[in-house]
Amino acid sequence: MAYLDLTPMLQAMRARPSEFEMYGPFLRHVRSQHLLEVDRRGNAHVHARCDCARLEVSREQGEEMMAALSAWKIVYWEPHLAQIEAEKRAAKINREFASHFRPPGAWRRFLALFRRNDSPLSLIIEDRPIETSRREAQGLKSSEKMSGTEQLELLRR
């Protein structure tokens, strides 16, 4: 019986792994669109629109293809998928980061008119007492405590 020789496919998988991809349960050669199916017992079947699908694959080459496919998945396909996912995550983070710096829309500009216009320093300064020499320069005694609001008013002058 005549068999389909999978040697060219095996060589291409080893030399040019990027020409192949998983397409559901099938290994697909992207350029030719040939699909290869290998079952658990090592039986390989080629699905193609040309005459390549007419010949069966020998048991020995089916087992060899099963081993090559397993190695290809570990060495090439799984790291490739991980890289794609990492690139997607990075793109999502970059889009989110860029959104933080977009000019505000009309609604946000309108709301900003009614917001308190506090200085970002107010959060830092509110809990810290002002130096004694500053208080004395304003005519206050060093024993008097100032509230956060009073400190802000003093800083704004």
Undergrad: Do Leu69 and Met22 make a side-chain contact, defined as non-hydrogen atoms from C-beta onward lying under 4.5 Å apart?
TA: yes

Undergrad: Counting C-beta onward and ignoring hydrogens, is there a side-chain heavy-atom pair between His47 and Glu37 closer than 4.5 Å?
TA: yes

Undergrad: Following the transitive rule for hydrophobic clusters with a side-chain heavy-atom cut-off under 4.5 Å over Ile, Leu, Val, Met, Phe, Trp and Tyr, establish whether Leu113 and Leu111 coincide in one cluster.
TA: yes

Undergrad: Of all residues at least two apart in sequence or in a different chain, which pass the salt bridge (charged side-chain N to carboxylate O under 4.0 Å, His left out) check with Lys92?
TA: none

Undergrad: Any sub-3.5 Å donor-acceptor pair from Ser99's side-chain atoms to Glu96's backbone N or O?
TA: yes

Undergrad: Taking the inter-plane angle between the rings of Phe20 and His29 on a 0 to 90° scale, is it parallel (under 30°), tilted (30 to 60°) or perpendicular (over 60°)?
TA: tilted

Undergrad: About how many Å separate CZ of Arg108 and CZ of Arg102, when rounded to the nearest 0.5 Å?
TA: 10.5 Å

Undergrad: Only one of Met13, His34, Lys73 forms a side-chain contact (heavy atoms from CB on, under 4.5 Å) with Leu27, so which one is it?
TA: Met13

Undergrad: Flag the pair Leu10 / Met65 as yes when at least one side-chain heavy-atom distance between them is below 4.5 Å, and no otherwise.
TA: yes

Undergrad: Got a sec: does the CD of Glu56 have more than 12 other heavy atoms crowding it under 6.0 Å?
TA: no

Undergrad: To the nearest 0.5 Å, tell me how far Leu4 CG sits from Arg54 CZ.
TA: 13.0 Å

Undergrad: To the nearest 0.5 Å, what is the distance between CD on Gln11 and CZ on Arg16?
TA: 9.0 Å

Undergrad: Is Val57 close to Val38 at the side-chain level, that is, under 4.5 Å between some pair of heavy atoms?
TA: no

Undergrad: Determine whether the side chains of Gln61 and Thr7 contain a donor N or O and an acceptor N or O closer than 3.5 Å.
TA: yes

Undergrad: Hey, what do you get for NZ (Lys88) to CD (Gln83), rounding to the nearest 0.5 Å?
TA: 12.5 Å

Undergrad: Give the cluster check for Trp72 versus Phe26: same hydrophobic cluster or not, with ILVMFWY residues linked at side-chain heavy-atom distances below 4.5 Å.
TA: no

Undergrad: Can you classify the ring geometry of Phe114 versus Phe110 as parallel (below 30°), tilted (30 to 60°) or perpendicular (above 60°)?
TA: perpendicular

Undergrad: Hey, does Met9 have a side-chain heavy atom less than 4.5 Å from the side chain of Leu36?
TA: yes

Undergrad: Could you report the tightest heavy-atom contact between Arg109 and Pro104, atom names first, then the distance?
TA: NH1-O, 2.7 Å

Undergrad: Near Arg59 CZ, under 6.0 Å, is it more than 12 heavy atoms from other residues, nucleotides or ligands?
TA: yes

Undergrad: Would you say that Arg28 contacts Leu35 through its side chain, given a criterion of any heavy-atom pair below 4.5 Å between the two side chains?
TA: yes

Undergrad: Which pair of non-hydrogen atoms, one from Val46 and one from Ala53, has the smallest distance, and what is that distance?
TA: O-CB, 3.5 Å

Undergrad: Using the rule given for side-chain contact (heavy atoms from CB on, under 4.5 Å), can you reason through Gln33 versus Arg49, listing the C-alpha separation, both sets of side-chain angles and the distance that settles it, and then say yes or no?
TA: CA-CA 9 Å; Gln33 299 298 309; Arg49 293 184 182 168; over 6 Å; no

Undergrad: Check whether any side-chain heavy atom of Trp77 sits under 4.5 Å from a side-chain heavy atom of Glu21, and report yes or no.
TA: yes

Undergrad: Is there a donor-acceptor contact under 3.5 Å from the side chain of Glu78 to the main chain of Val75?
TA: no

